[in-house]
Amino acid sequence: MSQQILFRNFELLEPSFGGLRGGYQLLVEGDTVKQLSETPIKASEADVIDCGRRTLMPGLIDCHVHAIHSEVNVRFTIRQEVVSPIEIIRSATMIGAEVLRVPGKVGTLQAGAFSDAIVVDGNPLKDLALLGDQGKHLSVIMKAGILHKNRLN
């Protein structure tokens with residue numbers, strides 16, 4: 001069996017929901033989201049990450065930026081003057097997945113999706129700058145089930 005990671009105690013920012021929701025747990029197995037549930041997930045062999053009420057959301061996709069992280073900050077700032085934060089986040093997750101022709105596999109945390117997620121120190125719907133600043137406000141960065149950053153354990 002692949003390594004399992006169970007995320008607990010977070011505010012879920014699933015772009016399709018349109019806002020933050022508490023009370024969920026997320027189980028990742030290898031490079032795939034195994035389960036997202038409002039009820040406790042039983043996974044006795046899983047490594048547990050307590051998110052401390054931080055925001056857990058899908059990893060970001062920006063199909064138009066191939067340069068440096070500071071350019072992402074500028075793009076988010078400019079967009080925020082025109083559209084809401086949730087629309088910007090949807091663009092960088094769900095819509096990016098559609099552009100890449102992989103909806104349901106990236107840009108979401110639903111079962112069967114790739115296990116790409118970030119844990120944000122705060123609410124990006126209130127402050128999009130939390131998603132920039134070269135990852136300063138990201139406690140966890142997971143790509144394909146591999147933790148590239150984890151300040152919580």
Side-chain angles (χ1 to χ4, degrees), residues 4-39 41 43 46-65 69-80 83-100 102-153:
Q4 291 185 329
I5 300 173
L6 179 63
F7 290 90
R8 292 185 177 157
N9 191 23
F10 56 84
E11 295 292 320
L12 175 66
L13 178 51
E14 171 59 41
S16 62
F17 294 169
L20 291 179
R21 293 187 183 177
Y24 282 83
Q25 292 189 1
L26 177 76
L27 180 64
V28 169
E29 184 173 300
D31 64 354
T32 306
V33 172
K34 181 121 174 124
Q35 185 177 359
L36 177 67
S37 177
E38 292 180 83
T39 60
I41 296 173
D47 294 330
V48 176
I49 296 179
D50 184 323
C51 296
R53 305 289 298 163
R54 292 171 179 83
T55 301
L56 179 99
M57 62 182 285
L60 300 175
I61 308 162
D62 195 329
C63 299
H64 307 289
V65 175
H69 292 276
S70 61
E71 188 174 331
V72 174
N73 291 345
V74 172
R75 292 180 60 110
F76 277 179
T77 302
I78 292 169
R79 288 180 188 170
Q80 194 169 0
V83 296
S84 69
I86 189 61
E87 289 304 317
I88 294 168
I89 290 169
R90 282 182 179 141
S91 175
T93 54
M94 293 172 46
I95 295 170
E98 290 172 12
V99 169
L100 295 172
V102 286
K105 293 305 261 179
V106 296
T108 184
L109 292 173
Q110 300 297 325
F114 295 127
S115 51
D116 301 341
I118 57 177
V119 175
V120 184
D121 301 335
N123 181 351
L125 295 177
K126 291 185 178 177
D127 184 5
L128 273 175
L130 294 171
L131 298 176
D133 209 6
Q134 305 230 348
K136 178 179 173 184
H137 305 286
L138 303 181
S139 292
V140 173
I141 300 172
M142 176 187 292
K143 176 72 176 159
I146 298 171
L147 292 167
H148 294 278
K149 178 179 184 180
N150 182 4
R151 291 191 321 224
L152 300 180
N153 284 9

CA sep, side-chain torsions, deciding dist, call: V140, F7, side chain to side chain contact (heavy atoms under 4.5 Å, CB included): CA-CA 11 Å; V140 173; F7 290 90; 4.2 Å; yes
Tightest non-hydrogen contact, residues M94 and S16, listed as SD-N, 3.3 Å
Between CG of D50 and CZ of F10, what distance do you get to the nearest 0.5 Å? 10.5 Å
Give, for atom CE of M57 and atom OG1 of T93, the distance between the pair rounded to the nearest 0.5 Å. 6.0 Å
Please give me the minimum heavy-atom distance between L130 and P124, naming the atom from each residue. CD1-N, 4.1 Å
Quick one: pull up CZ in R21 and CD in E11 and give me the separation to the nearest 0.5 Å. 11.5 Å
Note, H137 side chain near D127 side chain (heavy atom, < 4.5 Å): no
So, taking the atom named CG in L138 and the one named NE2 in H148, what distance separates them when rounded to the nearest 0.5 Å? 13.0 Å
Can you see which heavy atom on L27 is nearest to which on A43, and at what distance? CD1-CB, 3.9 Å
Show your working on side chain to side chain contact (heavy atoms under 4.5 Å, CB included) between I5 and L147 and close with a plain yes or no. CA-CA 10 Å; I5 300 173; L147 292 167; 3.9 Å; yes
Heavy-atom donor-acceptor pair, K149 side chain to G135 backbone, under 3.5 Å: yes
Between atom CG of L12 and atom CG of L36, what is the distance when rounded to the nearest 0.5 Å? 5.5 Å
Hey, is the main chain of Q25 close enough, under 3.5 Å, to the side chain of S37 for a donor-acceptor pair? no
With side chain to side chain contact (heavy atoms under 4.5 Å, CB included) as the criterion, how do L125 and T55 come out once you've worked through the C-alpha distance, each side chain's angles and the decisive distance to 0.1 Å? CA-CA 10 Å; L125 295 177; T55 301; over 6 Å; no
Which heavy atom in L13 sits nearest to a heavy atom in P15, and how many Å separate them? O-CD, 3.5 Å
Walk me through it: do L128 and I89 pass the test side chain to side chain contact (heavy atoms under 4.5 Å, CB included)? CA-CA 9 Å; L128 273 175; I89 290 169; 4.0 Å; yes
If you look only at pairs with a residue in residues 109-121, which of them pass as a side chain to side chain donor-acceptor pair (under 3.5 Å), with sequence neighbours excluded? R54-D121, D116-K143, D121-S139, D121-R151
Which pair of heavy atoms, one from P58 and one from E14, lies closest together, and at what distance? CG-OE1, 4.4 Å
Please report the shortest heavy-atom distance between R8 and I41, naming the atom on each side. NH2-O, 4.3 Å
Flag the pair I88 / L131 as yes when at least one side-chain heavy-atom distance between them is below 4.5 Å, and no otherwise. no
Mind checking the CG-CD1 spacing from L109 to I118? Nearest 0.5 Å is all I need. 9.5 Å
Not counting sequence neighbours, which residues clear salt bridge (charged side-chain N to carboxylate O under 4.0 Å, His left out) with E87? List them please. R90
